[in-house]
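Here the structure is laid out as structure tokens; the discussion comes afterwards.
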Amino acid sequence: MALCNRVRSGISLFKKSTSLTSHRSNLQRSLVAPSISLASRNYANVPGEKDQKVKVPLALYGGSGNYASALYIASVKANAIEKVESELLQFVEAVQNSSKFSQFIKDLSVAKDVRVKVIQEVCGEAKFSDVTKNFLVIAAENGRLKNIDTIAKKFRALAMAYKGEVKATVTTVVALPPDEEKALKDTLQEIMGSGAKVHLEQKIDPSILGGIVLEFNQKVFDMSIKTRAQQMERILREPVSIANI
């Protein structure tokens with residue numbers, strides 16, 4: 001309970017200082033153009049759905065962000081967000097579990113037609129959907145499979161936003177007991193409202209010395225002993241004015 005009360009207090013104070021940042025972030029999201037050039041490729045087009053307008057829920061930048069956004073558009077049009085998310089994670093896991101496969105997709109000296117053929121065979125054996133298969137084939141053609149891990153993470157963020165899910169990460173010195181983890185998750189759920197589903201991920205980091213660091217919605221609430229100690233050190237180092245004593 002004490003942990004939850006600290007979280008509520010910290011978030012309340014933080015909200016006042018981040019209202020302008022939040023407004024700017026919402027403005028950026030509203031200006032994101034859903035018509036990404038990659039989406040004009042065949043993997044983003046679904047028969048009978050060419051006129052469907054899909055808005056990307058998060059502003060993503062860079063090549064990996066563009067690819068993730070384009071895959072998101074294709075998945076929404078095909079009504080296959082969860083399936084594509086699952087298949088993409090399967091592919092990433094296969095890459096991580098095989099050093100040879102990982103080396104293969106990162107080696108741009110391999111001929112394009114060879115890369116494409118191998119990916120087509122892998123997708124066929126895995127029985128991936130057309131959206132996932134066509135996406136991976138185009139990524140192979142363009143030499144982008146080397147970034148598949150980053151693309152997958154960004155796509156998952158989009159998929160979670162689509163499903164109304166919010167990922168929260170809590171960092172502590174030792175793992176939270178089940179009852180405290182549940183209480184913290186319930187507190188975050190209450191803060192987020194019934195329209196969001198909270199996924200709480202725990203991280204262990206002895207260097208924070210104690211307390212917690214909570215991250216969600218691109219915000220960080222640092223209530224660790226390490227940060228408090230650093231703040232106290234800065235205060236003690238400041239020169240003292242005799243006139244104010």
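Given the structure is predicted, the values throughout are model-derived calculations rather than measurements.
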Can you list, pair by pair, the side-chain donor-acceptor contacts under 3.5 Å of residues 90-103, counting residues two or more places apart and other chains?
residue, atom, partner, partner atom, Å
Q90, NE2, S86, OG, 3.4
N97, ND2, E93, O, 3.2
S98, OG, F101, N, 3.2

Can you name the residues that form a salt bridge (Lys or Arg N to Asp or Glu O under 4.0 Å) with E87, not counting sequence neighbours?
K83
Could you state whether F128 and L89 fall into the same hydrophobic cluster, counting links through intermediate Ile, Leu, Val, Met, Phe, Trp or Tyr residues with side-chain heavy atoms under 4.5 angstrom apart?
no
Residues two or more places apart in sequence or in another chain: which of them pass salt bridge (Lys or Arg N to Asp or Glu O under 4.0 Å) with R237?
E233
Let me have the donor-acceptor pairs involving side chains of residues 146-161, under 3.5 Å, with sequence neighbours excluded, atom names and distances please.
residue, atom, partner, partner atom, Å
K154, NZ, Y61, O, 3.1
R156, NE, E85, OE2, 3.4

Restricting to non-hydrogen atoms, name the atom on A139 and the atom on Y67 that form the minimum distance, rounded to 0.1 Å.
CA-CE2, 4.4 Å
Let me check something: do V174 and I208 share a hydrophobic cluster, defined by ILVMFWY side-chain heavy atoms less than 4.5 Å apart, either directly or through other members?
yes
Consider only side-chain heavy atoms of I, L, V, M, F, W and Y, link residues closer than 4.5 Å, and tell whether Y162 and L60 are in one cluster.
yes
Could you tell me the separation between the CD1 atom of I204 and the OG1 atom of T172, rounded to the nearest 0.5 Å?
4.0 Å
Cut-off 3.5 Å, no hydrogens considered: what does the side-chain donor-acceptor table look like for residues 112-126, sequence neighbours left out?
residue, atom, partner, partner atom, Å
R115, NE, A140, O, 2.9
R115, NH1, V110, O, 2.7
R115, NH2, A140, O, 3.0

For side chain to side chain contact (heavy atoms under 4.5 Å, CB included), just list the numbers for L88 and L71, CA-CA rounded to whole Å, side-chain angles, deciding distance to a tenth of an Å, and then say yes or no.
CA-CA 10 Å; L88 195 59; L71 179 57; 3.9 Å; yes
When rounded to the nearest 0.5 angstrom, what is the spacing between CG in L200 and CD in Q189?
11.0 Å
Would you mind reporting whether V137 and E141 have side-chain heavy atoms less than 4.5 Å apart?
yes
Spatial distance of atom CG (N66) from atom CZ (R144) [nearest 0.5 Å]:
8.0 Å
Taking the side chain as every heavy atom from C-beta outward, state whether V213 and T227 have any pair of such atoms under 4.5 Å apart.
no
Does the distance from a Lys or Arg side-chain N to an Asp or Glu carboxylate O, for K133 and D130, drop under 4.0 Å?
yes
Please answer whether the main-chain N or O of T169 pairs with a side-chain N or O of E215 as donor and acceptor at a distance below 3.5 Å.
no
Kindly determine whether F104 and L145 satisfy side chain to side chain contact (heavy atoms under 4.5 Å, CB included), including the steps that lead there.
CA-CA 10 Å; F104 168 79; L145 284 179; over 6 Å; no
Spatial distance of atom NZ (K182) from atom CG (D186) [nearest 0.5 Å]:
4.0 Å
Which atom names give the shortest non-hydrogen contact between V198 and A168, and what distance separates them?
CG1-CB, 4.3 Å
Note: I225 and G211 closest approach over all heavy atoms is CG1-N, 4.1 Å
Hey, what do you get for CG (L176) to NZ (K185), rounding to the nearest 0.5 Å?
13.0 Å
Has E201 got a side-chain atom pairing as donor or acceptor with K167's backbone, closer than 3.5 angstrom?
no
Could you check whether atom NZ of K203 has more than 12 heavy atoms from other residues, nucleotides or ligands sitting under 6.0 Å from it?
no
Could you give the distance from CD1 (I138) to CG (N134), rounded to the nearest 0.5 Å?
6.5 Å
Return the set of residues passing side chain to side chain donor-acceptor pair (under 3.5 Å) with N79 (not counting sequence neighbours), or none when no residue passes.
none
